[in-house]
Every structure is written in C-alpha cells, then in structure tokens.
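Here's the structure we're looking at; comments come further down.
Read the numbers this way: they start at 1 and go in the same order the structure lists the ligands and their atoms. Note that the numbering runs from 1 along the sequence shown for the chain. As the structure is a computational prediction, the values presented were derived from the model and not from experiment.
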Amino acid sequence: MLKLENIQMQVDDDSGEKFEILKRIDCQFEKGKVYAVTGPNGGGKSSIAKVIMGIYKQSQGHLYLDGEEISDLSISERANRGIGYAFQQPPRFKGLTIQNVLTIAAPNADLIKVRTSLRDVGLCPEDYLDRDLGAGLSGGEIKGIEMAQLLLRNPVISIFDEPEAGVDLWTIQKLLKLILSTYKGNPNKTAIVITHNENVIPVCDEILVIAGGMIDAKGTPEQVWKLIKDDIECKVRNQCQGEISYAIK
Ligand SMILES: Nc1ncnc2c1ncn2[C@@H]1O[C@H](COP(=O)(O)OP(=O)(O)O)[C@@H](O)[C@H]1O
Ligand SMILES: [Mg+2]
C-alpha cells in the first residue's frame, strides 16, 4: 500500500514569493485497486504524481510504501521499488528509436512483449519500432509510447497521467480494459489514473478529486461521480471563482 501523509509542497512564483501547490494531502492507495484522480486543471494532480515518483520533493509530510518510509528515496530508488509514472507531457528523445526506448525501459522484455506493448496503446509495431523518438511524431503518438514503456515495465504502482490526452477513443477503450484487467483485484498491484475521461472514472474503484492543492472529495464512483457530472457545466465558473466544492469530504 502507498500512503501519503500530510503532503505539502511549496514553490517560488515569478516574483520569488512562496506559494503552496499542495496543501495537505492525506490518502492511501491499496493493492488490487484502480484509482481515478480527477479535478480541474492546475489543481495539483500531476504534482502529486511527481511527489510520489520523487520528481518533486514535498516541503512537508511523508510517503510510505508497504509501511516503509520512502520520502527521501531518489527517483531511481523508487522506480526500483516498483513505482512507475507515465508523464502527462512526455519528453522526446532525439536520436533514439522507439525500440531503443522501450528496451531501455524494460531491459528484460523480449521483442514479442515490446511489440505487444505498442499494440496495446494502438500503435502498429511494424510502423513504429524503427522510428526516431524526436520530431515527426504527434503528441498522441509520443503519449502512446510513454504508456507502452510503463506497461512494459509493469510496476507495482503505475501512475498514468491523463492517458486519454491526444489518444483516440478506440485506443482509450482498449487501454482502459487492459488497466482494469491488469490491476483490479490484483493482490500485488495498484493503478492510479489521472483522468478527465467520462468512461474511465465510473469504472475505477475509488475516485479522488483534487482541487486547489487539496483532496476535495474522495469515495466510490457512486458517491463522487454525480457530483463531478453536476459540476461539469459550472466548472469554468467555479474555477473563475477560485474554488470548487463538493459535498463529500
Ligand atoms: N515546478 C513548478 N513550479 C511552479 N509551479 C508549478 C510547478 N509544478 C506545478 N506548478 C503549479 O502547481 C499547480 C498545479 O499543477 P499541476 O499539478 O500540474 O496541476 P494538474 O495536473 O492538476 O493540472 C499549477 O498552478 C501549476 O502551475
Ligand atoms: Mg496534470
């Protein structure tokens, strides 16, 4: 189980003033479950993922993996413990082919697995394995390759950051099925899917709504989904007012 305890994070704004992007995050992610993390843009979802992965360092609070504190571990140490993160905006690596990056991500995976991981994200291996990961690939293709790396690595805790962004509907459905069949009820694994997708949220085990750097609501899809749906029309208005509020805490 992954536990976040009182996670707070401050950054400097343009004028050097400190401001909090995560205010007090207390939550836990259990094995065998698929979690949806949703909420308005700028709410802090990717920042939480980056704190879990060790890309961002929290200003206060603690992280525990299976009871062991991992707060001070580096990114690679956390990766070795089985935490994996597919970026919302993946970097492009010029000069490396797609086969290169997939093999680097999972050195023990054979070519059959490498090819399957590409098919799982809607990319035909014959068309992509030898292509350069630099310019010339669309945002959706880069996103697919990022997710293929995570699927290949098959970590204990997998965080998918907006897998739907730039990815076609057919692939999203396929990916969703794959995530559910891989993680739901699996006693060794947890999936955290940061998403705005209406098809994804209702089928997850638990939903966390993050807004303004805090957990604004959490619960089962039945508890939380109606609130989100009701809120969709007035989301922009609420954002403009600088707050979003749900009934369930
Ligand atoms: N490294 C950073 N430096 C300064 N501000 C940041 C940094 N990372 C995130 N933020 C700010 O923190 C807030 C939350 O960002 P983010 O976690 O990316 O939100 P979300 O993923 O929910 O859209 C935003 O206002 C964003 O601009
Ligand atoms: Mg984000």
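- Checked by atom type and distance alone, the side chain of K94 never pairs as donor or acceptor with a backbone atom of L133 at under 3.5 Å.
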* **Full working for side chain to side chain donor-acceptor pair (under 3.5 Å) between Y128 and Q99** => CA-CA 8 Å; Y128 285 93; Q99 184 167 350; over 6 Å; no
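- A donor-acceptor pair under 3.5 Å is absent between the side-chain atoms of K57 and the main chain of M9, judged by distance alone.
- Within 4.0 Å of ligand 1, protein heavy atoms come from V11, I21, P40, N41, G42, G43, G44, K45, S46, S47, Y56.
- A donor-acceptor distance shorter than 3.5 angstrom exists from the side chain of R92 to the backbone of L137, with no hydrogens or angles considered.
- If you look at the Mg ion (ligand 2), the protein N, O or S atoms less than 2.8 Å from it are S46 OG, Q88 OE1.
- Q173 contributes no side-chain N or O that, together with a main-chain N or O of W170, makes up a donor-acceptor pair within less than 3.5 Å.
- Using a distance-only test at 3.5 Å, with no hydrogens or angles considered, no donor-acceptor pair links the side chain of K143 to the main chain of A165.
- At least one side-chain heavy atom of K18 sits less than 4.5 Å from a side-chain heavy atom of D12.
- Following chains of ILVMFWY side-chain contacts shorter than 4.5 Å, one can reach L178 starting from I145, so the two form part of one hydrophobic cluster.
- Atom CZ of R119 sits in a crowded spot, with more than 12 heavy atoms from other residues, nucleotides or ligands closer than 6.0 Å.
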